[in-house]
Amino acid sequence: MIHLICALKCEAKSLIAHFRLKNCSDSTSFPLYVSQDKQISLTISGVGKINAAAATAFTHAFLQTSKQDIWLNVGIAGHKDLEIGEVIIAHKIIEQSSQQSWYPQILYSPPCQSMEVLSCDRPASNYSDTIFSDAVFEMEAAGFYATACRFATSELIHVVKIISDNQQHPADKISTPFVADLLKDKLEIIDQLIASLRQLAKDMDSPNESPDYYDQIIEQWRFTHIERNRLKSCLNRWHVLYPDENPMKVLDGSLQGKDVINQITNKLDTLPVYY
Amino acid sequence: MIKTIYIEKQVANHPRTREILARFPDTTQIYCERYGEIFNRKAQSFRLQKKQPALILAKKHKGFVLPAPEAYSIGAKENYYFSHMMNCLYDCRYCFLQGMYRSAHYVLFVNYEDFANEIKNKIQKTDKEIHFFSGYDCDSLALEPVTKFLEYFLPVFRKYRKALLEIRTKSTQIRTLLNTEPFENCVLAWSFTPAEIAAVLEHKTPSVDRRIISIIKLQEKGWRIGLRFDPLIYSSEYQSQYRKLFADTLQICNPELLHSVTLGSFRLPKGYFKSLQKMYPDERLFASPLEEANGMFSYKAQIQSEMLNFCREEILNYIPEEKFFPCHNAI
């Protein structure tokens, strides 16, 4: 599943329309939108890192997200001289107040350039910060990223920013329709990014928690909690070595769960292994 | 192909850093305070990072040279290892590095001079024969065009005849070695598993045949060679597979230049094994007849013992016993 976190409704508007997301009325803490197939969600966090962190945690808890999910913080940002409408992806996020840094892992060819992002506590008016002179300024990335890393693997968590203001066009000239149009023009890049991340996420294999024949076996024999875990690992091993064979064929009416495990294990240990 | 380089600010102006960055002008270069900010983070996927590893240029501060486990000895009483790099270009499914590190990025410690000073100290403090191993936490040669590891360390060891350097590798990056005059106290040690197994488990490595060609070329030049059949991987056809491998490798070795042959069984600490099994749930190796004993996963005792005995007998058909160092049962 893909989770988009935006600070403002006007940032979210085009994404909601593009992905045909529906308002989830059960969500009262943050405005939350979900696609019909439940594969994309969007949460509007409000401005600032604390709101971004809270909305990310809320999304995780509300949707029961998994480790393989993709997380994107999409929003506007300022830069001293990047052109308005330029899209960047963060390769380093610095929290201005604590100077703590995070390094999103870009393991694909990004559809836009990558840059340092400086997460500020207040809107930045000075575009020529002497320490982070080439960074993109915004207010949510640090809160979003640090929180999302608790719920998913960092390679699938990214921050995408669209330049909305610079020295020539300062932030006080930004209007709600202007922001909505900026996002609308960059949907193709966001689509490309999501496609790359989806491709990457396919390689996030995890052990099968419900291997073939597991349900049938636990219906017939009694297992303790520990034995159930051993049975899963046994059946996963069976699936790797003999995917076309039914392990229940080797069971000869054992009465205890541990006998079932022993019989499958013994069979596995005697069958040939080829490379 | 390296696309991203992280650089610790304190080594930004190190000549080795500058040289490497100049070699990769089109990479994204990102500065950090300490490599652990990237390498030791939680919530990382080794498997995903292995698809596109970044290079991290860092400074090592301590632990330049560490005692090697006794079981790894190839004849000396004093044994040390050193790792100028963490992680490997290759992707061998049995490799403990996948379980040991959270990140698959390559960390290169550019302060070779500090490693060399520590090596010299160890050599000067002993009268005994002393061995140094490189290639535990990385492949020593695989990134040679970038790291210039050999260019720096071969002259260090050339000066100290009582200190033997073993360079462990699966690589065919031998240009530097072919352009360097060999010396007695350097052993180039290649790791092998049978070709059928290597094709399945040793991803991104040169084929067994290409490794053998490298050995032949280096022997012609006069370099001393080691053969490392480690880890031994079980298959139902292991006898024919290993018999062929021993014939292919040991027969081509010049007995005078063959320094040593070692044999090691497959074993992984429990924690590493569990991580790997989780990372690659469909991997046949981890579904093999393994068992846990004393916190280590290895083949069941009977299989292990049969394989070791078989391989020992086969190897001793080719080499004298004094060059054979069997069974390393430790990491």
Side-chain angles (χ1 to χ4, degrees), chain A residues 67-68 89-92 94 99-110 113-116 145-146 148-157 197 199-209 211 232-243 265-266 268-275, chain B residues 1 3-4 6 28-35 37-39 41-54 56 102-105 193-201 233-238 241 274 277-291 299-300 302-303:
Chain A
K67 195 93 178 155
Q68 289 85 1
I89 183 168
H91 60 223
K92 180 175 181 178
I94 306 153
Q99 298 290 299
Q100 196 178 346
S101 300
W102 294 266
Y103 299 82
Q105 305 292 301
I106 303 171
L107 306 181
Y108 47 87
S109 295
Q113 64 171 316
S114 69
M115 292 190 73
E116 272 187 15
Y145 193 83
C149 280
R150 292 176 182 270
F151 311 130
T153 191
S154 61
E155 296 79 10
L156 302 178
I157 306 169
L197 289 169
Q199 191 60 36
L200 194 62
K202 280 184 191 164
D203 279 327
M204 275 284 291
D205 266 350
S206 59
N208 187 353
E209 283 303 310
K232 280 181 192 172
S233 116
C234 220
L235 291 174
N236 278 327
R237 191 177 157 208
W238 184 281
H239 174 73
V240 173
L241 294 177
Y242 310 106
T265 305
N266 289 342
L268 281 167
D269 286 350
T270 55
L271 289 168
V273 178
Y274 292 110
Y275 286 100
Chain B
M1 179 67 179
K3 289 188 175 171
T4 305
Y6 296 96
T28 303
Q29 300 178 357
I30 304 166
Y31 288 86
C32 62
E33 295 298 329
R34 294 284 288 127
Y35 75 89
E37 291 178 308
I38 298 124
F39 196 74
R41 288 266 194 205
K42 287 181 184 169
Q44 301 199 75
S45 165
F46 193 99
R47 181 169 174 169
L48 292 188
Q49 289 187 6
K50 201 70 191 168
K51 293 168 77 75
Q52 185 62 68
I56 304 174
R102 288 175 178 162
S103 169
H105 296 326
T193 57
E196 300 86 345
I197 294 172
V200 176
L201 296 181
I233 302 294
Y234 173 76
S235 90
S236 296
E237 297 166 311
Y238 82 85
Q241 290 171 337
K274 292 286 178 191
Q277 200 179 34
K278 209 170 158 186
M279 209 184 307
Y280 298 103
D282 293 328
E283 178 55 63
R284 187 168 301 184
L285 174 67
F286 306 130
S288 300
L290 302 165
E291 65 184 3
Y299 288 115
K300 286 179 180 289
Q302 191 189 344
I303 290 178

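All values derive from a computational prediction rather than experimental measurement. Quick note on labels: first sequence line is chain A, next is B, and so on, each numbered from 1.
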When the 4.5 angstrom heavy-atom criterion is applied to Leu156(A) and chain B, the contacting part is side chain

With sequence neighbours left out, the residues meeting side chain to side chain donor-acceptor pair (under 3.5 Å) with Gln113(A) are Glu86(A)

With Glu155(A) as partner, the option from Gln52(B), Gln49(B), Lys51(B) fulfilling side-chain contact (heavy atoms from CB on, under 4.5 Å) is Gln49(B)

Residue from His239(A), Lys92(A), His91(A) scoring the most non-hydrogen pairs under 4.5 Å with chain B is His91(A)

Under 3.5 Å, is there a donor on one side chain and an acceptor on the other for Lys3(B) and Ser109(A)?
yes

Exactly one candidate in Leu271(A), Leu268(A), Asp269(A) meets side-chain contact (heavy atoms from CB on, under 4.5 Å) with Pro289(B); the answer is Asp269(A)

Applying a strict 4.5 Å limit to non-hydrogen atoms, the region of Ile303(B) in contact with chain A is neither

Honestly, the part of Pro104(A) sitting under 4.5 Å from a heavy atom of chain B is backbone

**Prompt:** Checking Arg47(B) side chain against Asp203(A) main chain: does a donor-acceptor pair fall under 3.5 Å?
**Reply:** yes

Honestly, the part of Thr28(B) sitting under 4.5 Å from a heavy atom of chain A is side chain

Okay, Ser114(A) and chain B: the region with an atom under 4.5 Å from a heavy atom over there is side chain

Turns out that what part of Leu48(B) lies under 4.5 Å from chain A's heavy atoms comes down to both

Under 4.5 Å to a heavy atom of chain A? For Tyr6(B) that would be side chain

Of Tyr103(A), Trp102(A), Tyr108(A), the largest count of non-hydrogen pairs under 4.5 angstrom with chain B goes to Tyr103(A)

